[in-house]
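Throughout, protein chains are lettered first and strands after them, A, B, ... in sequence-line order, and every chain is numbered starting at 1.
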Amino acid sequence: MSEGSKPPKRQALKAIKGTHDILPGETAAWHRVEGLAREHFARYGYREIRTPVFEETELFARGIGEDTDVVSKEMYTFGDRDGGSLTLRPEATAGIVRSVIEHNLSNVDPLLRVWAMGPMFRRERPQKGRQRQFHQVDVEAFGVTAPGIDAEIVEMGFAFLERCGLSGLELILNSVGDAEDRQRYAGVLREALRVQASALCADCQRRTETNPLRVLDCKVPSCQPVIEALPKIADHLGADARDHFAEVCRQLTLLGIPYRTSHRLVRGLDYYTRTTFEIVATEGLGSQSTVLGGGRYDGLVRDLGGPDLCGIGFALGVERLLLLAPPAGDEPRCDVFLMPLAAAAGDPALMAQKLLRNAGVRAVLDHGFWRRREVGASPAGAPSDSAASSAPAPVEGRSFKSRMKLADKLGARFVAILGDDELAQGAWSVRDMKTSSQEPVPLPALVEHVKGRL
RNA sequence: GUGGGUGUAGCUCAGCUGGUUAGAGCGCCAGGUUGUGGCCCUGGAGGCCGCGGGUUCGAAUCCCGUCACUCACCCCA
């Protein structure tokens with residue numbers, strides 16, 4: 001044995017930083033959320049739309065805003081072979097709006113209401129409730145200027161989270177006004193901030209010039225007194241926007257949805273107008289407390305080259321939702337575990353499996369009866385002299401007892417046994433794993449027997 | 001991009017101020033007589049103690065570096 005002959009250790013392959021596998025034991029929780037979304041949004045007349053995960057970079061740059069953090073430093077952008085610039089979507093709305101314009105959907109469907117679900121990509125430093133690939137459920141409604149649609153969307157989102165089993169939620173509302181209001185207020189704010197620049201943190205001093213609204217979001221303690229004393233956007237809204245917001249609030253109250261308003265709720269994407277909202281969890285998400293956020297975007301469709309079509313929507317983070325949702329128990333994977341014991345039982349079991357599946361029964365055939373040709377093929381547990389023997393023993397050649405354990409592990413309700421005795425009798429021994437009772441069932445009657453009992 | 005924390009078995013973690021063959025629980029495998037799961041008992045497999053260097057007679061343990069993960073800032077779902 002030469003000392004230096006160790007194989008060079010390779011860097012193990014692993015998922016990209018900030019991405020995660022959703023393992024078989026976890027998918028049940030996702031299915032639950034997805035199923036609830038489908039069902040819940042359908043109640044409100046929303047249909048699913050699916051758009052590509054990548055788009056031309058320009059779409060996001062124009063839609064979300066060049067100066068936003070998302071666009072300026074968080075996008076996964078890459079060159080296409082023909083020289084174009086593509087970007088993995090960092091959020092859903094831009095792509096959906098592009099699709100609406102491209103296919104003229106608002107014309108086809110005056111009540112255009114859609115929802116979507118899928119992965120989004122942002123190159124941020126991962127932490128609790130924040131990943132580089134994460135999933136959002138997204139909802140958009142187009143073409144209704146009335147405040148009622150704002151209330152509907154907010155109520156729909158809130159109710160959805162409740163149906164997912166979340167509690168301890170807080171709904172926060174604000175209005176950032178129409179584009180002109182926002183513009184004007186930003187100017188007012190900038191003036192006020194410049195006067196007090198020395199009292200602000202470095203970030204806020206920068207934001208004073210780049211995006212003064214963001215100062216309102218600052219969490220640095222020393223900035224708080226200044227922020228509290230700043231002029232409020234509520235005092236700078238146009239009459240229409242003010243009335244609109246008041247009506248949204250009135251309807252939510254009428255619907256019994258608890259909320260609070262915050263003049264400091266400023267969303268980070270440039271396209272928002274009038275109503276903005278956020279649902280935060282009071283605990284369980286670390287510092288990432290926002291589960292759902294959204295707002296109205298009355299100028300976006302036009303800005304992206306479409307008709308002057310208003311819109312409103314929200315996005316909710318599925319991973320964050322799952323962090324807050326009660327754990328989902330794992331679902332049983334099998335109704336009937338077919339266990340042929342003799343070689344002659346293999347074919348009947350194979351046929352039975354097919355019939356069961358055709359009848360909608362989840363059937364798993366145990367291959368434990370299969371014998372390899374080699375004599376004395378090393379049974380499970382025997383040490384192998386191969387260095388790389390970390391793979392588990394194959395299921396073939398396991399004991400009867402061990403195979404029963406497999407059936408139990410699968411959560412099988414019934415185990416159908418076919419050995420020499422059963423073959424002679426022409427009947428399965430069907431064990432009900434729940435009651436631990438066992439009875440003979442004639443070969444052709446298996447499907448009927450289990451179907452009647454599931 | 002900037003800080004803090006943590007890297008030991010598939011998972012969750014012990015391992016005190018350096019001292020023999022590195023441990024537990026869970027999980028996995030096998031047994032507890034013939035063909036019967038869960039509960040219990042017994043046994044077993046499985047670790048370059050993240051990686052590299054240094055100090056030392058001796059390092060999982062101390063020091064430096066590096067990488068990874070994680071939490072937080074920024075920002076957002």
Item to check | salt bridge (Lys or Arg N to Asp or Glu O under 4.0 Å) between A:E56 and A:R98, intermediate numbers included | outcome: CA-CA 10 Å; A:E56 282 183 48; A:R98 190 226 80 227; over 6 Å; no
Checklist entry - Using a cut-off of 4.0 Å on non-hydrogen atoms, how would the nucleic acid contact of A:Q438 be classed: base, sugar-phosphate, or nothing? => result base
Next on the checklist: Just to be sure I understand the rule, does A:A315 reach a base, reach only the sugar-phosphate, or reach nothing, if contact means heavy atoms closer than 4.0 Å?
Outcome noted: sugar-phosphate
Checklist entry - Looking only at side-chain N and O atoms, does A:K409 come under 4.0 Å of OP1 or OP2 in B:rC29? => result yes
Next on the checklist: Heavy atoms only, 4.0 Å cut-off, all strands: where does A:T68 land among base, sugar-phosphate and nothing?
Outcome noted: nothing
Item to check | Between C1' of B:rU36 and CZ of A:F337, the distance in whole Å | outcome: 12 Å
Next on the checklist: At 4.0 Å (heavy atoms only), tell me whether A:D421 reaches a base, stays on the sugar-phosphate, or touches nothing.
Outcome noted: base
Next on the checklist: Using heavy-atom distances to pick each residue's nearest nucleotide on RNA chain B, tell me which of A:Q288 and A:P126 is more 5'.
Outcome noted: A:P126
Next on the checklist: Using 30° and 60° as the class boundaries, would you call the ring planes of A:W30 and A:H135 parallel, tilted or perpendicular?
Outcome noted: perpendicular
Checklist entry - Hey, does A:L321 reach any base, or is it just sugar-phosphate, or nothing, if we go heavy atoms under 4.0 Å? => result nothing
Checklist entry - With no hydrogens and no angle check, do the side chains of A:T93 and A:E140 hold a donor and an acceptor under 3.5 Å apart? => result yes
Checklist entry - Which is true for A:K401 with a 4.0 Å heavy-atom rule: it touches a base, it touches only sugar-phosphate, or it touches nothing? => result base
Checklist entry - Considering only the C1' atoms, how many Å lie between B:rG23 and B:rG47, rounded to the nearest integer? => result 11 Å
Next on the checklist: Base, sugar-phosphate or nothing for A:G294? Non-hydrogen atoms, less than 4.0 Å.
Outcome noted: nothing
